[in-house]
Asks: 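So that we are looking at the same thing, I have put the structure below in structure tokens.
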Amino acid sequence: MSTKYIFVTGGVTSSLGKGIISASLAKLLQARGYSVTIQKLDPYINVDPGTLNPYEHGECYVTDDGAETDLDLGHYERFLNVPTSQANNVTTGRIYQTVIEKERRGDYLGKTVQIIPHITDEIKNCVSKLGNKGIYEIVITELGGTVGDIESLPYIEAVRQFRYEQGTNNVMVIHLTLVPYLKAAGELKTKPTQHSVKTLQSQGIQPDILVCRTEHALGEDQKKKIALFCNIQDNAVIESIDASTIYDVPILMQQQELDKVVLNKLELPHREEPSLDMWKQFLTGFKNPKTTVKIGLIGKYVELQDAYKSILEALVHAGVSNAAKVKVVSIHSEELNDENVQETLGELQGLIVAPGFGKRGLDGKIAAIKYARSNDLPFLGICLGMQCSVIEYARNMVGLEGANSVEMDIETNHPVISLMEEQKSVIDMGGTMRLGAYTCKLEEGTLAHRIYGRTEISERHRHRFEFNNDYKSQLEKAGLKTSGINPSTGLVEIVELPEHPFFIGVQFHPEYKSTVANPHPLFTHLVKAAVLAKTAVAVD
Ligand code: GLN
């Protein structure tokens, strides 16, 4: 199968939504029957984003094969419902690492190793590697960063060479830019776009399509002006107006025929008209909820909109499945304590304690879990959230004073959460957690089993610590059920409270696997329990 390649670059500013545009285009092409994948190339020196904190980078998304990746891969999976892998996210750090390893092995046979050709060759390799798998007709590669940045230069040069080598009908470039609105002048301004395209042209690349991010609709005259000054066909200037939800963007792109312009340029047949019926049904559900539920999200990065991206999106999917709008109430774990917990959580119909690292905010999470446990508030603990639910139970229901995770207190008398055996010799921080998909067996008749409707599941992990099986029988005897176990290691992956309407903690990250087509059952059941909790209060 010969593969066609689409590169998506960004100009003027960052945060224009390249990931959403790439995912939307991929969705339209997929709906026409094309097999498509999306790749993100990130121009930073970290080998992967696993060592970056959420202030730097937002959420770290994890794939089945255990790659710690950019959160845009989450959008790709949520839109396309197709899993991604390590090959879908490559950073400058990884590229340099590969080149330097080759150099040490002597692969370059005495040559001087340079950015051109060695780094650019490696960039091209990363792109063609996906195409050469023989399963994708179209590979969309999103270049992180902004055109004109020093660190983007090798990528742009690699794209230039790649287009020359593969032929201009096999490779195209979509450039995403900003058309700002100047309030004082009452006008949209096209000049930054013109300059950004000039920068690309000076690096040897003429974009084929411009996607213009804007707060106000672009008039025909503005589109014409942009087309004329940037050397773009009239129908290839596409407006990307601020949308009320990211899930509107594929429809907005379809209305402007972005997919048709792309197929024409790549000399590909249009095949069938894309049927986005299911997608539109989802949007109708999203925009016409029958009820609203409030779900608290407790974490220490709640002020950052990208830190818990996949959880927020999973709640959107789950809301639509329940004909409900989920209002997420962000709660900073450091601001929560036993005194204010009733007042803060009293209005909620559900609670999630988020994943996380380190002891900052731990007490707030424990106080919240205690409240959820004793007040029948539907609860889902994810990773650290599950670990906290075990700590809370051990302290308050088993009477193990000072019970803790050794991550928080290395000297705790009761290490109910301890370091995994295979982690004890680990020194490096990068890429060394328990990462990626693992099988979990569910006990029949438990809440977990009812939620999933089967006895074997596979979920993605990202953690170093685990439930300590030395405490399993004590905790079980006191009422904490361990309902999901890793069959090959015996690690506890799920805990729940049979006496509670909905209380479940999972060591893995279900949020990574929720998509528009397949909302995750843990989230749909949490929202369902929240809707029931709301109805119960109304009836009372
Ligand atoms: N810090 C915990 C661990 O490493 C939980 C990690 C997480 O929530 N992703 O085990």
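In listed order, ligands and their atoms are each counted from 1. Keep in mind it's a predicted model, so treat the numbers as computed, not measured. Worth knowing before you read on, the calculation uses all heavy atoms, side chains too, and leaves out hydrogens, waters and symmetry mates.
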Asks: Looking at ligand 1, would Gln387 count as a contact under a 4.0 Å heavy-atom criterion?
Replies: yes
Asks: Show the atoms of ligand 1 that are less than 4.0 angstrom away from any heavy atom in Glu407.
Replies: 1 (N), 2 (C), 3 (C)
Asks: Would you say Met433 contacts ligand 1, with heavy atoms under 4.0 Å as the rule?
Replies: no
Asks: Please check if any side-chain donor atom of Asn88 sits under 3.5 Å from a side-chain acceptor atom of Thr37, or the reverse.
Replies: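 On atom types as modelled, these side chains qualify, holding a pair under 3.5 Å.
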Asks: With a cut-off of 4.0 Å, which atoms of ligand 1 are near a heavy atom of Cys383?
Replies: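 Matching atoms, with element in brackets: 5 (C), 6 (C), 7 (C), 8 (O), 9 (N).
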Asks: Could an N or O of ligand 1 be found under 3.5 Å from any N or O of Gly356, whether backbone or side chain?
Replies: yes
Asks: Enumerate the atoms of ligand 1 whose separation from the nearest heavy atom of Pro355 is less than 4.0 angstrom.
Replies: 7 (C), 8 (O), 9 (N)
Asks: As an exercise, identify every atom of ligand 1 less than 4.0 angstrom from a heavy atom of His463.
Replies: 3 (C), 4 (O), 6 (C), 10 (O)
Asks: Which atoms of ligand 1 are found less than 4.0 Å from any heavy atom of Phe465?
Replies: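 What qualifies from ligand 1 is 3 (C), 4 (O), 10 (O).
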Asks: Could you check, using the six-membered ring where one of them is a Trp, whether Tyr155 and Phe7 have ring centers closer than 6.0 angstrom?
Replies: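 No, they do not, as the ring centres are separated by 6.0 Å or more.
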Asks: Hey, are Asp48 and Asn89 close enough side-chain-wise for a donor-acceptor pair under 3.5 Å?
Replies: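 There is no such pair (donor and acceptor under 3.5 Å, judged by atom type) between the side chains of Asn89 and Asp48.
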Asks: Output the list of atoms in ligand 1 that are nearer than 4.0 Å to some heavy atom of Arg462, sorted by atom number.
Replies: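 Numbered from 1, ligand 1 contributes 6 (C), 7 (C), 9 (N).
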Asks: Pairing donors with acceptors under 3.5 angstrom, does anything connect the side chains of Ser389 and Arg373?
Replies: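 The criterion, which ignores hydrogens and geometry beyond distance, is not satisfied for Arg373 and Ser389.
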Asks: In terms of relative ring orientation, are Trp279 and Phe282 parallel, tilted or perpendicular, with 30° and 60° separating the classes?
Replies: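 Plane angle between 30° and 60°, so tilted.
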Asks: Do Gln86 and Thr63 get their side chains close enough for a donor-acceptor pair, meaning under 3.5 Å?
Replies: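 Distance-only check fails for Gln86 and Thr63.
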Asks: Could you identify the single nearest non-hydrogen protein atom to atom 4 (O) of ligand 1 and state the distance to 0.1 Å?
Replies: Arg464 N, 2.9 Å
Asks: Are Lys309 and Glu77 within salt-bridge range, i.e. N to O under 4.0 Å?
Replies: no
Asks: Would you say Gly358 has any N or O atom under 3.5 Å from an N or O of ligand 1, going by distance alone?
Replies: no
Asks: By number and element, which atoms of ligand 1 are closer than 4.0 Å to a non-hydrogen atom of His509?
Replies: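 Heavy-atom distances to His509 below 4.0 Å select 9 (N).
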Asks: Compute whether any side-chain donor of one residue and acceptor of the other, for Glu496 and His449, lie under 3.5 angstrom apart.
Replies: no
